[in-house]
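Side-chain atoms are counted along with the backbone in the values below, which use heavy atoms only and exclude waters and symmetry mates.
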Amino acid sequence: MRNVLLSPLFFGALGLCASVAAPGALADTIYLTSGESIEDVKVSTEGLSLVIYKKGSSEKEVATEEVLRIEFESMPELLEDAEFKLAEDDVAGAIYDYSLYVDGMLGGNEERRYPWAPAYAAHRALELQLTLGDPAATIAAADKLLTNFAESRYVPSALLTKAEVQGASDPVAALATLDVLSALAGANGLSDRWKLEAQLRGALIDPAKSLEQRLEALVALGRKAAAVPAVGVRVKLAQAETQLELADKVPDKRDEYLDGARDLYEGLRDEEDLEPGAKAGLLTGLGDVTYLEAGTDPVQLAVARDYYLRVVVLYPDETAYVPKAMAFAALTSAKLATEAEGDPEKARAKKLASRMLSRYPGSRWADIARAARRAAR
């Protein structure tokens, strides 16, 4: 069975995610940010501050901020159906099943066997809704989770997702949503992590900041986030991604910004225990730098393609990066394709582009996939 990671955008990286265990697993497993795990347990509550579980006959707890992800032994049948639909790239069908389950719980049904499942399903519906590129539906899904599962550990990620979507059209509303997250963290004694996450998202959204000013803000935030490694890594990724944008916008400093981005990515390669979302961001970034430096060099284009393909194959649930990686893997394959009949690069480009457009039709990278598919004809 497939793994399911949290965070739509950065949020697989946020460490709030839950996943489905592989067949044959004996019980739930809680993976911690320290790299350790708590095995053979039954999770009962995934709360804002605490995750509560049973180990044998004893009830125990672990601070939510220490939880990286959870693998569940099993889940309700309707959620299993959603997972199978998603494995077949039926995102809309999966969202329907998750939402149907949540509506059933809110309509008066009681989930006794899987008390964690309603909030989890609401989170999964939100995470997948983001990939379809419908802002109104995504914000509605976020509000549904925030209203009905206000004590869930998925609340911070829902606020971040909502702010991200709002940021595209209403930055003022997005910054207000981030203020809600900061206040929530303060009122509930949550880790400074969430205040730093809000500041990171705010730096990326703030319409008053130019790209140069955004980079300066991210560098300053990086110093503050050094004490929280998971956030510090994402700040570095954001710095590198901003430098890539600057390389495109400021031609006379293109090489300088590309070098800066590459240095950041290469530095992250030496980091230990990167979360899956961070690994996906790192590989996507290395693919971006290599692609931008490659020009028409087939050797470098092949290197870039392989970085993107590793994201698609190794981190398929990291929706913050997979759509882009899939689109650019298709584009690089199309550029490497020849006119020879049966060229595997041409076939790969068509397959990747078609799958990307099927699974992420609303993605901002969809035009890249369309261009790749046209080029591979």
Side-chain angles (χ1 to χ4, degrees), residues 3 5-17 19 30-37 63-70 156-157 160 191-201 203-204 214-247 257-293 303-304 306-322 324-325 328:
N3 285 333
L5 297 172
L6 206 229
S7 201
L9 157 84
F10 281 148
F11 305 133
L14 291 183
L16 292 174
C17 52
S19 60
I30 302 171
Y31 293 91
L32 305 178
T33 56
S34 64
E36 300 175 332
S37 62
T64 295
E65 66 187 68
E66 296 177 16
V67 176
L68 175 62
R69 63 188 177 91
I70 297 173
S157 73
L160 287 168
S191 165
D192 286 343
R193 170 182 189 171
W194 298 116
K195 294 179 181 178
L196 291 169
E197 295 283 8
Q199 291 173 35
L200 169 56
R201 183 55 51 195
L204 296 173
R214 180 204 296 176
L215 184 58
E216 290 175 3
L218 290 170
V219 170
L221 182 59
R223 291 190 287 268
K224 293 171 61 177
V228 186
V231 183
V233 166
R234 281 190 294 284
V235 172
K236 290 178 182 178
L237 287 171
Q239 291 174 14
E241 289 159 9
T242 301
Q243 296 217 47
L244 289 175
E245 289 186 63
L246 282 163
Y257 285 125
L258 285 178
D259 288 343
R262 183 178 286 282
D263 287 346
L264 283 164
Y265 289 128
E266 293 292 351
L268 285 172
R269 273 183 152 177
D270 298 328
E271 297 272 354
E272 295 183 359
D273 300 322
L274 289 182
E275 296 175 0
K279 292 178 181 177
L282 169 60
L283 290 170
T284 303
L286 287 170
D288 290 342
V289 174
T290 306
Y291 175 78
L292 290 171
E293 292 178 339
V303 172
D306 290 347
Y307 280 131
Y308 293 131
L309 285 174
R310 286 171 67 188
V311 178
V312 175
V313 173
L314 298 177
Y315 306 104
D317 300 303
E318 294 302 330
T319 54
Y321 294 103
V322 167
K324 180 179 184 179
F328 275 89

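Note on residues 281-293: pairs passing salt bridge (charged side-chain N to carboxylate O under 4.0 Å, His left out), not counting sequence neighbours, are R262-E293, D288-K324.
Here A63 pairs with E65, E66 under the side-chain contact (heavy atoms from CB on, under 4.5 Å) rule; sequence neighbours left out. Considering only residues two or more places apart in sequence or on other chains, Y291 meets the ring pair (Phe, Tyr, Trp, His ring centres under 6.0 Å) condition with F328. Scanning for side-chain contact (heavy atoms from CB on, under 4.5 Å) contacts around R214 gives L204, L211, L218, T242, E245, with sequence neighbours left out. Annotation: side chain to side chain donor-acceptor pair (under 3.5 Å) contacts of Y257 (sequence neighbours excluded): none. With sequence neighbours left out, the side-chain contact (heavy atoms from CB on, under 4.5 Å) criterion links L292 to L244, R254, L258. Taking the side-chain contact (heavy atoms from CB on, under 4.5 Å) definition, one finds that E216 meets it with nothing, sequence neighbours left out. In this structure Q239 satisfies the side chain to side chain donor-acceptor pair (under 3.5 Å) test with no other residue, sequence neighbours excluded.
Atoms CG and CD, from L286 and E266 in turn, are 5.5 Å apart once rounded to the nearest 0.5 Å. Considering CG of D259 and CG of L264, their distance stands at 11.0 Å, rounded to 0.5 Å. To the nearest 0.5 Å, the span separating CG on L68 from CG on L32 amounts to 8.0 Å.
A salt bridge does not link K279 to E318: none of the charged side-chain nitrogens sits closer than 4.0 Å to a carboxylate oxygen. Here E275 does not pair with R69 in a salt bridge; the nearest charged N to carboxylate O distance is not below 4.0 Å.
Side-chain contact between V67 and T33 is absent, with no heavy atoms from C-beta onward closer than 4.5 Å.
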